Enquirer: 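Structure incoming, see below.
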Amino acid sequence: MGLLSAGTLWLLGPLVAFVVALYLLKTQRTEVRVPSSMLWRRVTADMQANRPWQRLRATALLALQIAALIAIAFAAARPFAHARQRRGQMIALILDNSASMAATDARPTRLRWVIERARNLVRDLGPADQAIVIAASQRTQVLSPMTSDKAALNSALGLVRQTQLPSSMQDAVALARAACKSSRSARIIIYSDGSYPELPEDLRAGLPLETIRAGASAANTAITLLNVDRQAGRTGAFVRLSNLGHSGEAAEVTLSLRLNDRLIDAREVKLKPGQSQGLPFDLPPSVSGVLVARITPEDALPQDNIAYAVIGRTRKARVLIVGPGNMFLEQALATDDELEVTKAQTAPSPNKLGAFDIVIWDRTDAEAEAPGAEWFISSSGPGAPAKTGAVRESDEPVWRPGVDISRHAELSSMRFAEFSSLRPAEWASTLAEAGGNPLIVGGQKNGMRKISFGWDFVQSDLPLRVTFPILVSNTVAWLLNQREVTGSYTPGETVRLEARSKRITTVTTPDGRRIALPEGIEDFSETLTAGLYSWKQGERTGVFAVNLSSTEQSDLRVARPDTPAAETAAESHTSAANKELYPWFVLAALAVLCTEWLLFHRRM
Amino acid sequence: MTPEAGRKVIGSTLLDAELIQTLERLRLVSRRRLPGQLAGDRKSPRRGSGVEFADFREYAPGDDFRRVDWNLYARSEKLFLKLFSLDEDRTLSILIDCTRSMDTGDPSKELYARKLAAALGYVGLAGMDRVKLYPLGAEQSRPIGPLRGRAHTHRMLKWLDDLKCDGRGELGAAIQTFLASEKTPGVAILLSDFLEEEVWTELRGFGVRRFDTTAVQVLSPEDVRPVLTGDLRLLDSESEQSLDVSITASLIRDYQKALSRLQANLRDECLRSGLSFLTVQTDMAIMDIFGRMLRGRGTVS
């Protein structure tokens, strides 16, 4: 035992002297006249008979007062005892709130179920224990700091929201490890259905990692793809259904397709466990609006039983070709009914350029940047994604991997005399190259796509090849950003609203929340739930869809076994600690004072 | 005298008309025959010239020949005197403790004692007794009496009104003075709170002197149930001595036990000495004292 503030004891002497002095000065008595003090003297004389005891009792009062004073002085000196104290442990609670956690095979949902389990753990935390709450999906969210405040932890657990994002534990576990690194008795508890990708070895090593499994491998049939395609004047929808159960009976579902709330088709589909089936649908050519695919009956994960596609308007894209004339290009563009092509020898005034969706600068340098998409063919301009450089001799062109416009467009057999080696702007990237020199460069500037071709079509055999109209079609589609026509995104994906103004854009989510984007910001990334989103910027409005469309998230198998290690929670980690004893001294002082008070009132 | 008339004549606060009306019906009673000084309404232990035959005794030289029963002499040839009972008056001595201890309480014990003395005195005067009032321990007041007859009521009341309880002397000494000065035994009523050291010897003196004595202890409610609390310095009203006490419930209980012991000792001592003992409280009605207590003990009838 020791004293944290031993200096306080120096006050004890003067205080005791003060009490004794007070005791000696005695009580100030009120004078009262009585007829006779004879009887009072007799009574007190009886007590005088017990004088030794009386004196002892008076001494006892003084002793009790001094004892109380000593107890208070020692309490102020903050005595402590050396003890082995159970050291609090740090627990990181990681709650998976990815799409698959919305499954109802655990009641009410997997996420609600694990939140309750986490609440139970928080309730059982010791006073020295600390915990942190992390919501984990493709986006990791720390909902409470490492704290022992159970109210704060429960409040944080109440903030865990269901998302339709893909699972990912990597960031959350890394965060949890960082939060727990100061403790030797830390552990990480993952509340999940295990649908997340395998954690790297370095994240699994060291700290105890426990998994509380939610759900029970329910069968699930999902719409894993809804695509609307418009080609050659035809519009078609493609729906892929998958039975993600891996055992049991075949799933029989009804797929219904509604366009603008009107049923346009419905089919009965039977899928064996593990089977996927694609279903094409023909749509009217000039269709626009919202296409909804839904399968019934409902199963364990309702979120993947519905998918949306927003089909854009069928306005013809206006294309301006500025150049000396290019018959091959004009014919290639003419094959697409959705294009309205205008030709010009020279560039119109910059104001007029805004009337066109695409401006093609064919061997004519642009003097001003068009507000829409631009295609530079052996030319350059202020909006060009690349500047023309040194002229190079022909070489075998090669597409860079993953380039959209390369689909079915073979360049390797193309012959051309020469090309300008392009120098890509910072916002652009090389799409194809020849002999290591950039040949095709593309990029997005101010929301508009720009592309540069470094050779003259006329000086090559490309227009004579089958590839040419495909390449032109792909390029025009890329420039028009065709996906806007069937605006569909996956959860978590950033959507560029392209509202083309600096005004504030307001987005309404499927659950009715309104999110105002900061002025000038058109990228919307809060696509956490599947469904239809609408946006408004002044008079301009738009709709886009977010679909779960994830085989991984629709697969409700519980991937990892439950590894409950709750017993380790009780495992005591002790350390040397000083336990303060002042409350006991305060209590002792109070008890002594009560005794003194009682004794005083029983006196005489 | 009617009560209304009595009130007019009396002009004192010590007696009221209703009490006087009651007192008119009362007479002092002595438990033994007491000798008087004048002829009166009371039977005297002495034989004299009354009309009621009392006894015979043999003739002795010097006796009055007129009282010889000659018929008896004719039968027995011996001289016998025929004795008749003597009707004499009776002396009522009212002794009032005038020490300062009586000047306490609410209502005051001293006032109550004066009221009680006035009532007893009135009964004596109305009964043609010789009424004497003695202020025991008083420094300024002097005894008054004997008074006889209602005509002296006003005088008696004035004396009582002027009575001051300012004495510091001891009650026992005052009683001894009274016993020494009063030659003729009679009815004595001693009004005191007896909150002093024991006066057993003096009380025995009443018995020895054959006084028909009633000791009345007059206490205030505060004497019986002290309303005191806290740390006090008690000042004795007579001796001015102080005593420091811390009043507690147990101390009050001890005081009350001590008072009961004192009363029990007084009662025993009075019984042994042939005195009656009575305790009254100043919150009791005077009429109740007469109605229940004095009449019950044979002091009045």
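Worth knowing before you read on, the calculation uses all heavy atoms, side chains too, and leaves out hydrogens, waters and symmetry mates. Note that the structure is a prediction, hence the values are computed from the model and not measured. Protein chains get the first letters and strands the later ones, always in sequence-line order, with residue 1 at the start of each.
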Enquirer: Treating B/Asp254 as the side-chain partner and A/Val43 as the backbone partner, does any N or O pair qualify as donor plus acceptor under 3.5 Å?
Expert: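 No, the answer is negative, given that no donor and acceptor are paired below the 3.5 Å cut-off.
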
Enquirer: Side chains of A/Trp40 and B/Leu228, heavy atoms from C-beta outward: is any pair under 4.5 Å?
Expert: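 When only atoms from C-beta onward are counted, B/Leu228 and A/Trp40 do touch, with a gap below 4.5 Å.
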
Enquirer: What part of B/Glu222 gets closer than 4.5 Å to chain A, counting heavy atoms only: side chain, backbone, both or neither?
Expert: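 Neither part.
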
Enquirer: Atom CD of B/Gln256 and atom CG of A/Leu39: how far apart are they, to the nearest 0.5 Å?
Expert: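 Taking CD in B/Gln256 and CG in A/Leu39, the distance rounds to 11.0 Å.
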
Enquirer: Kindly indicate, with the supporting measurements, whether the criterion side chain to side chain contact (heavy atoms under 4.5 Å, CB included) is fulfilled by A/Ser36 and B/Asp236.
Expert: CA-CA 5 Å; A/Ser36 169; B/Asp236 192 303; 3.9 Å; yes

Enquirer: Considering only heavy atoms, which portion of B/Ser237 lies under 4.5 Å from any heavy atom of chain A: side chain, backbone, both, or neither?
Expert: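 For B/Ser237, the contact with chain A is made by backbone and side chain together.
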
Enquirer: For B/Arg100, enumerate each residue passing the side chain to side chain donor-acceptor pair (under 3.5 Å) test, keeping only those at least two apart in sequence or located in another chain.
Expert: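 Side chain to side chain donor-acceptor pair (under 3.5 Å) list for B/Arg100, sorted by chain: empty.
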
Enquirer: Counting only heavy atoms not in B/Arg204, do more than 12 fall under 6.0 Å of its CZ?
Expert: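 Yes.
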
Enquirer: Side chain, backbone, both or neither: which part of B/Ser220 has an atom under 4.5 Å from a heavy atom of chain A?
Expert: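 Neither the backbone nor the side chain of B/Ser220 comes within 4.5 Å of chain A.
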
Enquirer: Calculate, to the nearest 0.5 Å, the distance between atoms CZ and CG belonging to A/Arg42 and B/Leu259 respectively.
Expert: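 Output value for this atom pair is 10.0 Å.
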
Enquirer: Specify which of B/Asp223, B/Leu243, B/Leu262, B/Leu235 makes the most heavy-atom pairs with chain A at under 4.5 Å.
Expert: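 Going by pairs under 4.5 Å, I would pick B/Leu235.
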
Enquirer: For residues B/Gln241 and A/Arg41, determine if any side-chain heavy atom of one lies less than 4.5 Å from a side-chain heavy atom of the other.
Expert: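 Heavy-atom side-chain distance check passes, below 4.5 Å.
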
Enquirer: Using heavy-atom distances under 4.5 Å, tell me whether B/Ile252 contacts chain A through its side chain, its backbone, both, or neither.
Expert: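 Side chain only.
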
Enquirer: To the nearest 0.5 angstrom, please state how far the CZ atom of A/Arg33 sits from the CG atom of B/Leu234.
Expert: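 The CG atom of B/Leu234 is 11.5 Å from CZ of A/Arg33, to the nearest 0.5 Å.
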
Enquirer: For a quick test of your reading: what N or O donor-acceptor pairs under 3.5 Å do the side chains of residues 187-195 of chain B make, sequence neighbours left out?
Expert:
{"residue": "B/Ser192", "atom": "OG", "partner": "B/Asp97", "partner atom": "OD2", "Å": "2.6"}
{"residue": "B/Ser192", "atom": "OG", "partner": "B/Phe194", "partner atom": "N", "Å": "3.0"}
{"residue": "B/Asp193", "atom": "OD1", "partner": "B/Ser101", "partner atom": "OG", "Å": "3.4"}
{"residue": "B/Asp193", "atom": "OD1", "partner": "B/Leu195", "partner atom": "N", "Å": "3.2"}
{"residue": "B/Asp193", "atom": "OD2", "partner": "B/Ser101", "partner atom": "OG", "Å": "2.8"}
{"residue": "B/Asp193", "atom": "OD2", "partner": "B/Lys109", "partner atom": "NZ", "Å": "3.0"}

